[in-house]
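Okay, structure first, notes after.
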Protein chains: 2
Amino acid sequence: MTPSSSGAHRSADERRAQLLDAALDVLREHGLAGLTTRAVTARAGVTHGIFHYVFGSKAALVRALIDRELTGAAAAWGAATATDDLETALRQAVRAQLDIVRADPGHQAALFELIRAARDDADVSAAEWERRQYLAEIERQLVSWSDRGGVTWDAPVEHVAALVLSATDGVVQTWVADHDDARADASADLLARAVASLARPA
Amino acid sequence: MTPSSSGAHRSADERRAQLLDAALDVLREHGLAGLTTRAVTARAGVTHGIFHYVFGSKAALVRALIDRELTGAAAAWGAATATDDLETALRQAVRAQLDIVRADPGHQAALFELIRAARDDADVSAAEWERRQYLAEIERQLVSWSDRGGVTWDAPVEHVAALVLSATDGVVQTWVADHDDARADASADLLARAVASLARPA
DNA sequence: GTCTATAAGGGGATAGAC
DNA sequence: GTCTATCCCCTTATAGAC
């Protein structure tokens, strides 16, 4: 049988995955302030020293965590809806972002915190890269929707994409702060309407 | 002459103000992670023990800091511009928020961090109260602008206000993250245009 | 009432045992 | 190659000196 993962003498790669899982759990439950190397190893059921053998430093853990969690996250904006109506498509997209967070608020809040911390700490590239992926994906969708609806954007598409990303972030983060579902839904709907009004018949 | 504030045996109230000033400095320079009771007292040029004599606990300092810094902050939205054009007024208001942060990014970033930390920690009321003040102020402005411009909002005003607050927050925080002035300006302008399109002739 | 000296605990990291 | 025992620093908080 497969030995228990907390049993002694497992490969560094296995330890790595095990510790990353534990780190995410700790982060979700106790926030960034509670994310200590000792809490992670305790959660994983291994002795503390293993941590530095596997990751070398706490910063390396944070970097690895961001890398693992961000991979594929941009794809969420790409899950386009097949509708001809621009406003409806936009509303569904913004609501989808909101739903991701609602489905697992702790997870998302933890990621926000992590990315924010990583920004001033060291390796900025991960967070920046993520944002660029998001922007490119949104821009692609905006063009796709306007083409399908037979309209054209009345402002540079990259500006519209930047606004959509920033504003959606704001709506999502407001929900994280107050958990007011009705207000978040209203904001999402209104945002879709407002942005849709930036397009004119081609 | 007035004795130096770091001289021995001053009143608790004076020490309190002195330590709050030092705490804000430390927060701006080293972030929340660097805000330790020792860093604060060192910055103020007093011995460490004084801290607990004055504040009792670190949490009390954070609460006091939030109280002091948030007072009057909502007024920023109230500094209305005297223009008849709704979109222009909105653009100036959003840009004003952006300018506040640009003028002193460290200060604003520090406040964000502080409020965020206080949320899960304990006294949520301060942050919530602030948000309500903002919303009320924005709502008041939206009505004032629509009245003056002879238009009416095509959606509940509180919904529009919520969107404006959330979206502006998103734009501001995006700037804090990337310091991209051009993109932030473009987003602000576009946000004003998009929101203005939610109003129709009365 | 104001402040100093000291305590008690938890943090990340490492040298070296197996 | 994998892990354990230990280190030393920095944190908040308090007991009691002035």
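In what follows, every chain begins at residue 1, and chains take the letters A, B, ... in the order their sequences are listed.
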Item to complete: Using a cut-off of strictly less than 4.0 Å, decide whether T47(B) has a side-chain nitrogen or oxygen near OP1 or OP2 of dC3(C).
Response: no
note: H52(A), atom NE2; dT14(C), atom C1'; distance rounded to Å ~ 9 Å
Side-chain donor-acceptor contact under 3.5 Å, H48(B) with T37(B)
yes
Does dC3(D) have OP1 or OP2 under 4.0 Å away from a side-chain N or O of Y53(A)? no
Atom NZ of K58(A) and atom C1' of dT14(C) are separated, to the nearest Å, by 18 Å
Separation between CZ (R193(B)) and CG (L163(A)), nearest 0.5 Å, reads 10.5 Å
Rounded to whole Å, the CZ-C1' distance (R16(B) to dG1(C)) equals 16 Å
Worksheet entry | Residue-phosphate contact under 4.0 Å: R15(B) side-chain N/O, dC3(C) OP1/OP2 | yes
Checklist entry - Quick one: does H48(A) reach the base of dA13(C) with a side-chain donor-acceptor pair under 3.5 Å? => result yes
In whole angstroms, the gap separating C1' of dT2(D) from CD1 of I50(A) amounts to 8 Å
Run the salt-bridge test on R148(A) and D85(A) with the 4.0 Å N-O cut-off and return the result as yes or no.
no
Can you check whether T37(A) has a side-chain N or O nearer than 4.0 Å to OP1 or OP2 of dG12(C)?
-> yes
Whole-Å distance, L19(B) CG to dT2(C) P, equals 13 Å
Result for side-chain contact (heavy atoms from CB on, under 4.5 Å) between L20(A) and one of V54(A), D67(A), L61(A), D25(A) points to L61(A)
Of G49(B) and S57(A), the one whose nearest nucleotide on DNA chain C sits closer to the 5' end is G49(B)
Assert: residue with more 5' nearest nucleotide on DNA chain C, out of A39(A) and R38(B), is R38(B)
